[in-house]
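Heads up, the thing below is written out as structure tokens.
These numbers were taken from a predicted model, which means no experiment stands behind them.
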Number of protein chains: 2
Amino acid sequence: MKDIKHFLRQNSLRPTKQRVIIANYLFDGVNKHVTAETLSNELLKMKAGISLATIYNTLHDFYEKGLLKKLMINSERIYFDTNTEHHHHFYSKKDQKLIDINADMKVSGLPKPPKNKKINKIEVLVHLDN
Amino acid sequence: MKDIKHFLRQNSLRPTKQRVIIANYLFDGVNKHVTAETLSNELLKMKAGISLATIYNTLHDFYEKGLLKKLMINSERIYFDTNTEHHHHFYSKKDQKLIDINADMKVSGLPKPPKNKKINKIEVLVHLDN
DNA sequence: CAATACATTAGAATCATTCTAAACTGATAT
DNA sequence: ATATCAGTTTAGAATGATTCTAATGTATTG
Ligand SMILES: [Mn+2]
Ligand SMILES: [Mn+2]
Ligand SMILES: [Zn+2]
Ligand SMILES: [Zn+2]
């Protein structure tokens, strides 16, 4: 992402100092899975102290513009995923880490959804032992 | 479940008044997905006021004895499942409801897990639209 | 450089869940 | 049966992730 400010403006987001820093980190070309807390820690490492309130606001703003996906995997925190394509995950509970599965996986044997309900998306989560 | 007290004893759980009431409700032969809150509401309907602390304790006790499965689907609450067989789910976010998929589903195209990691289990969650 | 709409922030509030510690009860031994 | 005691229940406090509030700061536009 060369011009983050332009990128934010394209997505109807004012390029504030904090959003530029966060977007630069998140959209550096390497897909990431972050929580508010892990993002806060990364920002502190790079000497950018941004309040937790702003981190939450920004993650949700980016999510609302479709720049992040929200993953509900763990009942104790929300993960945001910079890979917005439909994909699946390996999940290590021990490491509290997600790994993208970009392979084209197929699920067979799926029964019909209940009456009046439509399938929105199918999510495969592969739990790892260690 | 005819003899709940015996069932609880078999699972090294003292058949206290509260556990008997909760076990009678949960293990009546109809599989259920409950949260502490939905269970509390059901118990109130049947005039059994059991403290939330006990409800949480009991759900975790049953979970530890393998009588319930824990489902981490939603970052805002924990679901407990009386169906302890390996199975998948339809999930309606709108209704906050889970529906068992007992069909024998297959996932193909799964890549190898990362080095030194073993696959524990594969969970398929089918999100419903409405 | 205003004016103003939008963004940031510290701190309070919220809410599911867990913890604490005191009162209670089921199991066991006399 | 009764006493004993480990295990259980409970109210209420504590915790921790997230959201809210409302005061202050800033990007944008003219
Ligand atoms: Mn993620
Ligand atoms: Mn719950
Ligand atoms: Zn991902
Ligand atoms: Zn189920």
remark   = Within residues 39-50 of chain B, those residues having any heavy atom closer than 4.0 Å to DNA chain C are none

request  = Flag yes if more than 12 heavy atoms outside A/Tyr25 fall under 6.0 Å of its OH atom; otherwise flag no.
outcome  = yes

inquiry  = Using 0.5 Å steps for rounding, measure from the CG atom of B/Leu128 to the CG atom of B/Leu125.
reply    = 9.0 Å

key: From OG1 (B/Thr38) to CZ (B/Phe80), nearest 0.5 Å   = 10.5 Å

key: For atom NZ of B/Lys65 and atom C1' of D/dT8, their distance in whole Å   = 14 Å

task = Could you please name the option among C/dT8, C/dT17, D/dA17 that lies closest to any side-chain atom of A/Glu37?
result = D/dA17

message = Between P on D/dA11 and CD1 on B/Ile55, what's the gap in Å once rounded to a whole number?
response = 11 Å

key: Between C1' of C/dT17 and CD1 of B/Ile78, the distance in whole Å   = 7 Å

task = Could you tell me whether the phosphate oxygens of C/dT17, OP1 or OP2, come under 4.0 Å of any side-chain nitrogen or oxygen in B/His60?
result = no

message = Check this for me: B/Glu85, atom CD, are more than 12 non-hydrogen atoms of other residues, nucleotides or ligands nearer than 6.0 Å?
response = no

query = Could you state the CG-C1' distance from B/Asp61 to D/dT8, rounded to the nearest angstrom?
reply = 9 Å

request  = Dump the intermediate steps for side chain to side chain contact (heavy atoms under 4.5 Å, CB included) on B/Val34 and B/Glu42, then the final yes or no.
outcome  = CA-CA 10 Å; B/Val34 303; B/Glu42 287 307 315; over 6 Å; no

task = Please examine the side chains of A/Lys97 and A/His33, heavy atoms only from C-beta on, and report whether any two atoms are closer than 4.5 Å.
result = no

inquiry  = Applying side chain to side chain contact (heavy atoms under 4.5 Å, CB included) to B/Leu59 and B/Tyr63, what does each step give before you reach the verdict?
reply    = CA-CA 6 Å; B/Leu59 287 171; B/Tyr63 170 72; over 6 Å; no

So which protein nitrogen or oxygen atoms get under 3.5 Å of nucleotides 20-23 of chain C's nitrogens or oxygens?
none

Nearest-angstrom distance from the residue atom CD of A/Gln96 to C1' of D/dA17 = 13 Å

inquiry  = Determine whether A/Leu110 and A/Ile122 satisfy the following criterion, side chain to side chain contact (heavy atoms under 4.5 Å, CB included), listing intermediate values before the conclusion.
reply    = CA-CA 10 Å; A/Leu110 194 67; A/Ile122 298 177; 3.6 Å; yes

task = Please lay out, stage by stage, how B/Asp100 and B/Asp81 fare under the test side chain to side chain contact (heavy atoms under 4.5 Å, CB included).
result = CA-CA 9 Å; B/Asp100 279 356; B/Asp81 193 339; 3.9 Å; yes

message = Check this one for me: any side-chain N or O of A/Tyr56 less than 4.0 Å away from OP1 or OP2 of D/dT19?
response = no

query = Rounded to whole angstroms, how far apart are CG on B/Leu52 and C1' on D/dA14?
reply = 15 Å

key: Plane angle bin for B/Tyr56 and B/His60 - parallel if under 30°, tilted between 30 and 60°, otherwise perpendicular   = parallel

query = Do any side-chain nitrogens or oxygens of A/Gln18 fall under 4.0 Å of OP1 or OP2 in D/dT26?
reply = no

task = Would you mind reporting whether B/Pro113 and B/Lys118 have side-chain heavy atoms less than 4.5 Å apart?
result = no

ask   = Taking CZ from B/Arg77 and C1' from D/dA17, how many angstroms apart are they, rounded to a whole number?
value = 14 Å

query = Can a side chain N or O of B/Thr54 be found less than 4.0 Å away from OP1 or OP2 on D/dT9?
reply = no

key: 5' precedence on DNA chain D between B/Ser75 and B/Thr58 (nearest-nucleotide basis)   = B/Thr58

query = Between A/Phe27 and A/Phe62, what is the ring plane arrangement, given parallel below 30°, perpendicular above 60°, and tilted in between?
reply = tilted

query = Starting at CZ of B/Phe80 and ending at C1' of C/dA16, how long is that distance when rounded to a whole Å?
reply = 12 Å

Distances under 3.5 Å between nitrogen or oxygen atoms of protein and nucleotides 25-30 of chain C:
residue	atom	partner	partner atom	Å
C/dA27	OP1	B/Arg9	NE	3.3

